[in-house]
Amino acid sequence: MNTRRNFLNWMATLEDPPTSEISRATFLNIHEKKYVFDVLEKLQDVNGNPRAMLLDYYHLEQQRYHIFESHTLDERLAVNRLASAIAFCAKSDDEKRKSRFRMNLSISNYVAESTFFWDVDDIANIAPKTTHYLFVPSFLPIAPKEICLTGLQALLLDIMSYENEFTYQEFFGLVKETLDLPPEQLDSALLEFMEKQSLYFGTILALD
């Protein structure tokens, strides 16, 4: 959970940081909801703490837990989709370019929004910036997989409601209009993107 780790790292940069009283391992545990929100509520009383950032992160965690608690994947469906994703990733690049796909329309339920950019390695650069995340749940009792929808990932915002099947070449044509990259570089990036979205996140479903 990058956003949660980055939040703790940001807290440690504050003047007189209160993070010494926080159990990092407990705070990073998705099943410790009460502890997480107890910490966040206590932090609101810390002098000098930037309140806007704290409230924004508090809201982001509320969204994460709403998704985690409200959406459980069907195990059989998830396993079948995983098998299709593995089959897709095992293909040669030429075979992958001939594949068909469709969007997992459920991902529209997994979108969270923040007014600060928390998915950043350089904590000093956390700044006001409307950012969207996907918190993708699992059929297992583990933390939702987290995707910050920036860069190439931001395409998911534009196509998450697309109901029709599409080919790799059709998707390549769409991305080519939005990203100014040489064709070979774009092809390499897009193949990797499709593999990750299909196999790890399940946002794009490989059909053959």
Side-chain angles (χ1 to χ4, degrees), residues 1-6 30 63-64 67-68 71-114 117-121 129-208:
M1 292 185 287
N2 286 341
T3 54
R4 190 171 286 188
R5 283 190 294 271
N6 288 343
I30 190 66
Q63 294 178 86
R64 189 202 307 272
I67 293 168
F68 179 69
H71 301 93
T72 302
L73 301 188
D74 178 86
E75 181 176 353
R76 179 178 298 180
L77 179 60
V79 169
N80 288 340
R81 286 176 172 174
L82 181 60
S84 296
I86 291 172
F88 167 69
C89 292
K91 293 180 178 181
S92 68
D93 287 352
D94 284 340
E95 290 174 324
K96 289 173 187 171
R97 295 185 186 99
K98 298 174 184 177
S99 296
R100 295 176 303 114
F101 307 88
R102 64 182 174 85
M103 294 303 301
N104 179 355
L105 298 179
S106 296
I107 66 174
S108 61
N109 298 319
Y110 309 152
V111 179
E113 184 176 304
S114 169
F117 184 46
W118 291 101
D119 191 70
V120 58
D121 293 329
K129 177 183 178 182
T130 298
T131 309
H132 294 86
Y133 302 88
L134 281 179
F135 296 133
V136 183
S138 170
F139 64 87
L140 300 172
I142 58 176
K145 296 171 183 174
E146 181 179 308
I147 317 174
C148 182
L149 299 182
T150 56
L152 187 57
Q153 314 273 26
L155 286 170
L156 293 173
L157 278 174
D158 297 326
I159 63 174
M160 64 172 49
S161 299
Y162 187 68
E163 298 183 1
N164 298 328
E165 293 181 10
F166 57 92
T167 65
Y168 175 81
Q169 294 302 330
E170 288 171 336
F171 194 43
F172 183 91
L174 171 67
V175 178
K176 185 178 179 181
E177 298 298 319
T178 60
L179 294 181
D180 185 19
L181 290 175
E184 290 185 1
Q185 186 178 347
L186 176 60
D187 178 63
S188 176
L190 195 56
L191 283 175
E192 181 180 358
F193 173 80
M194 300 296 274
E195 290 173 355
K196 287 183 178 178
Q197 296 306 319
S198 176
L199 182 63
Y200 187 68
F201 297 113
T203 55
I204 297 176
L205 308 176
L207 300 180
D208 54 18

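We number each residue from 1, following the sequence as shown.
Atoms CE and CD, from M103 and E165 in turn, are 13.5 Å apart once rounded to the nearest 0.5 Å. Atoms CD and SG, from E195 and C89 in turn, are 5.0 Å apart once rounded to the nearest 0.5 Å. Distance check, rounded to the nearest 0.5 Å: OG of S99 to CG of L207 gives 8.5 Å. Distance check, rounded to the nearest 0.5 Å: CG of L155 to CZ of F193 gives 6.0 Å. Note that NZ of K176 is 12.5 Å distant from CG of L190, once rounded to the nearest 0.5 Å. Taking CG from L205 and CG from N80, the interatomic distance works out to 11.5 Å, rounded to the nearest 0.5 Å.
In this structure a side-chain-to-backbone donor-acceptor pair under 3.5 Å is missing from Q153 to I147. Within the 3.5 Å criterion, the main-chain N or O of W118 finds a donor-acceptor partner in the side chain of Y133. Between the side chain of S106 and the backbone N or O of N104 there is no donor-acceptor pair closer than 3.5 Å. Panel note: side chain Q185, backbone P182; no donor-acceptor pair is recorded below 3.5 Å.
Residues forming a side-chain hydrogen bond (donor to acceptor under 3.5 Å, both in side chains) with R81 (at least two apart in sequence, or on another chain): none. N6 meets the side-chain hydrogen bond (donor to acceptor under 3.5 Å, both in side chains) test with no other residue; sequence neighbours excluded. In terms of the side-chain hydrogen bond (donor to acceptor under 3.5 Å, both in side chains) criterion, D93 has no residue partners (sequence neighbours excluded).
Relative orientation of the F88 and F101 rings is perpendicular, given thresholds of 30° and 60° on the angle between their planes. Taking the six-membered ring for Trp and thresholds of 30 and 60 degrees, F172 and Y168 have ring planes inclined between 30 and 60 degrees apart.
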Verdict with reasoning, Q63 to V111, per side chain to side chain contact (heavy atoms under 4.5 Å, CB included): CA-CA 8 Å; Q63 294 178 86; V111 179; over 6 Å; no

Residue pair I86, L199: steps toward the side chain to side chain contact (heavy atoms under 4.5 Å, CB included) verdict: CA-CA 6 Å; I86 291 172; L199 182 63; 3.7 Å; yes

Check against side chain to side chain contact (heavy atoms under 4.5 Å, CB included), F201 and L156: CA-CA 12 Å; F201 297 113; L156 293 173; over 6 Å; no

R64 vs I30, side chain to side chain contact (heavy atoms under 4.5 Å, CB included): CA-CA, chis, key distance, verdict: CA-CA 10 Å; R64 189 202 307 272; I30 190 66; 3.8 Å; yes

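Residue Y162 qualifies as enclosed at atom OH: its count of foreign heavy atoms under 6.0 Å is above 12. For K196, the NZ atom counts as loosely surrounded, since its 6.0 Å shell holds 12 or fewer non-hydrogen atoms of other residues, nucleotides or ligands.
Using a 4.5 Å heavy-atom threshold, the side chains of P137 and T72 count as separate. With contacts defined as side-chain heavy-atom distances shorter than 4.5 Å, the pair L174/I159 qualifies.
Under the side chain to side chain contact (heavy atoms under 4.5 Å, CB included) test applied with R76, the options D74, V79, L73 reduce to a single match, D74. Just one of L191, L152, L181 meets the side chain to side chain contact (heavy atoms under 4.5 Å, CB included) condition when paired with L186; it is L181.
Counting all heavy atoms, side chain and backbone alike, R97 lies closest to Q169 at CB-NE2, 3.9 Å.
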